[in-house]
Amino acid sequence: MARAAITAVGHYVPPDTYTNAHFESYLDTSDEWIRTRTGIRERHFAKEGATSDLIVKAAHHCFDRHQVDPSKIDAIIVATATPDYLFPATACIVQDKLGLRDNPRLWGYDLLAACSSFLFALETARRLVESGQSQCVMVCGGDKMSAITDFDDRSTAVLFGDAAAVVLVELVEDSEIGIIDSIVGIDGQGGPLLRLPAGGSALPATEETVRRRLHFLQQEGRAVFREAVVKMADITLEIMERNNLKAEDVHWLVPHQANLRIITATAERAQLPMDKVMVNIDRYGNTTNATIPLCLSEAIDEGKLHYGDNIIMTAFGAGFTWASIYMRWGIR
Ligand code: UT7
């Protein structure tokens with residue numbers, strides 16, 4: 001059976017690094033607290049440009065690395081919580097900046113489901129190519145979290161970073177590889193616990209919303225942690241069980257990178273040793289929709305991924321939203 005598979009990957013991380021010492025210099029926090037509570041040592045922030053600029057650089061890396069002819073791309077899905085604007089869609093801006101004008105069937109849109117957007121977009125791309133609607137979907141996971149972070153709030157300032165990564169999703173005839181199964185879900189009761197209060201139609205921008213710092217994200221960290229730690233593990237185990245995968249059958253768990261303690265708890269419940277778990281939160285913080293594809297892209301550079309590897313990717317985010325995808329790696 002022909003399946004959708006990831007056929008190319010690229011990433012971009014802006015060059016400017018901010019260690020925990022940067023936050024120690026002006027906030028009531030410490031390197032020790034940040035490292036032990038989150039696992040983060042440093043993160044990168046983009047000094048200029050928007051989310052689309054991060055994605056465009058990741059796309060060029062993908063095209064150059066895999067010698068992609070970009071004219072074959074006929075859909076762009078941008079998974080982001082930090083679109084350049086509410087509209088036009090960042091997908092349109094990315095298409096324009098990449099100069100993708102040769103394919104008359106090209107379309108695209110943004111998909112916003114907080115930290116689960118990338119896996120939701122990957123699942124959508126899978127359905128698009130398997131239905132024949134599209135032949136080659138570029139799924140972009142990118143966030144400029146520094147644009148919505150309150151750097152005066154120690155409880156969120158230290159958590160996030162900026163980055164982007166893209167994957168191409170195409171149909172492959174090889175039945176040994178590709179995206180095999182997915183679990184996706186939402187529960188809107190979690191909404192108030194992690195959100196960007198103002199700037200939408202519920203609370204449009206006013207002088208007061210600016211004064212009250214409501215254009216920055218707000219999180220009830222402990223409550224989100226409790227939900228994330230249970231759900232990440234539950235859906236990872238569920239997708240393994242229903243595909244008859246024992247821990248020894250899984251080559252890689254690629255979890256969303258919100259907190260190293262959530263990642264290790266998920267691995268423990270799935271009985272996966274940490275050397276089978278991809279981690280980049282120490283170097284990049286929580287890059288929201290870049291976390292998972294950035295792990296994959298760097299793993300290619302490090303020679304960690306092999307043809308046929310069983311990979312589970314799992315995410316949990318605001319909304320609440322969650323997803324777990326099982327795929328077999330196909331890039332040689
Ligand atoms: O990616 C989307 C989904 N998001 C998540 O999955 C994030 C889930 N939540 C978390 O990762 C954790 O809850 C945080 C890392 C955000 C916070 O860690 P925590 O262990 O849950 O800390 P807490 O919020 O319970 O706060 C513990 C203490 C508090 O002080 P008191 O009230 O005990 O005196 C905080 O004020 O730590 C304090 N605190 C800090 N101290 C030093 C909070 N932030 C900091 C800080 N430096 N940066």
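Every number for a ligand or one of its atoms is a count from 1 in the order of the listing. All of these numbers come straight from a predicted model, not from anything done at the bench.
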Task: Heavy-atom nearest neighbour in the protein, as seen from atom 32 (O) of ligand 1, with distance rounded to 0.1 Å - done: R222 NH2, 4.6 Å
- [ ] Could you tell me whether atom 12 (C) of ligand 1 has a protein heavy atom closer than 4.0 Å?
- [x] yes
- [ ] Specify the protein heavy atom at minimum distance from atom 38 (C) of ligand 1: its residue, its atom name, and the distance to 0.1 Å.
- [x] R154 NH2, 3.6 Å
Open item on the list: Using salt bridge (Lys or Arg N to Asp or Glu O under 4.0 Å), reason through R213 and D152 one step at a time and then give a plain yes or no.
Closed with: CA-CA 10 Å; R213 307 183 79 75; D152 289 340; 3.3 Å; yes
- [ ] Step through it carefully: locate the ring centre of F45, locate the ring centre of F151, and say whether they are under 6.0 Å apart.
- [x] yes
TODO: Look up atom 25 (O) of ligand 1 and tell me if a protein heavy atom lies less than 4.0 Å from it?
DONE: yes
TODO: Provide, to 0.1 Å, the distance between atom 7 (C) of ligand 1 and the closest protein heavy atom, together with that atom's residue and name.
DONE: Q219 OE1, 3.4 Å
Task: Heavy-atom protein contact below 4.0 Å for atom 34 (O) of ligand 1 - done: no
TODO: Just say parallel, tilted or perpendicular for the rings of H61 and H11, cut-offs at 30° and 60°.
DONE: perpendicular
TODO: Group every Ile, Leu, Val, Met, Phe, Trp and Tyr by side-chain heavy-atom contacts under 4.5 Å, then state whether V169 and L171 land in the same group.
DONE: yes
Open item on the list: If we set the cut-off at 4.0 Å for heavy atoms, which region of T288 has an atom near ligand 1: side chain, backbone, both, or neither?
Closed with: neither
Open item on the list: Taking the six-membered ring for Trp, are H44 and Y18 closer than 6.0 Å centroid to centroid?
Closed with: no
Open item on the list: Can you tell me if E238 has over 12 outside heavy atoms packed within less than 6.0 Å of its CD?
Closed with: yes
TODO: Identify, for atom 39 (N) of ligand 1, the protein heavy atom at the shortest distance, and state residue, atom and that distance.
DONE: W33 CZ2, 3.4 Å
Task: Heavy atom of the protein closest to atom 10 (C) of ligand 1 (residue, atom name, distance) - done: N259 ND2, 3.5 Å
TODO: Please check if atom CZ in R41 has more than 12 non-hydrogen atoms from other residues, nucleotides or ligands closer than 6.0 Å.
DONE: no
- [ ] Please state which part of L27 comes within less than 4.0 Å of ligand 1, counting heavy atoms only: side chain, backbone, both or neither.
- [x] neither
- [ ] Give me the ring orientation class for H60 and F63: parallel if the planes are under 30° apart, tilted from 30 to 60°, perpendicular past 60°.
- [x] perpendicular
- [ ] Select one of side chain, backbone, both or neither to describe which atoms of T29 lie under 4.0 Å from any atom of ligand 1, heavy atoms only.
- [x] both
Open item on the list: Is R261 close enough to touch ligand 1? Criterion: a residue heavy atom under 4.0 Å from a ligand atom.
Closed with: yes
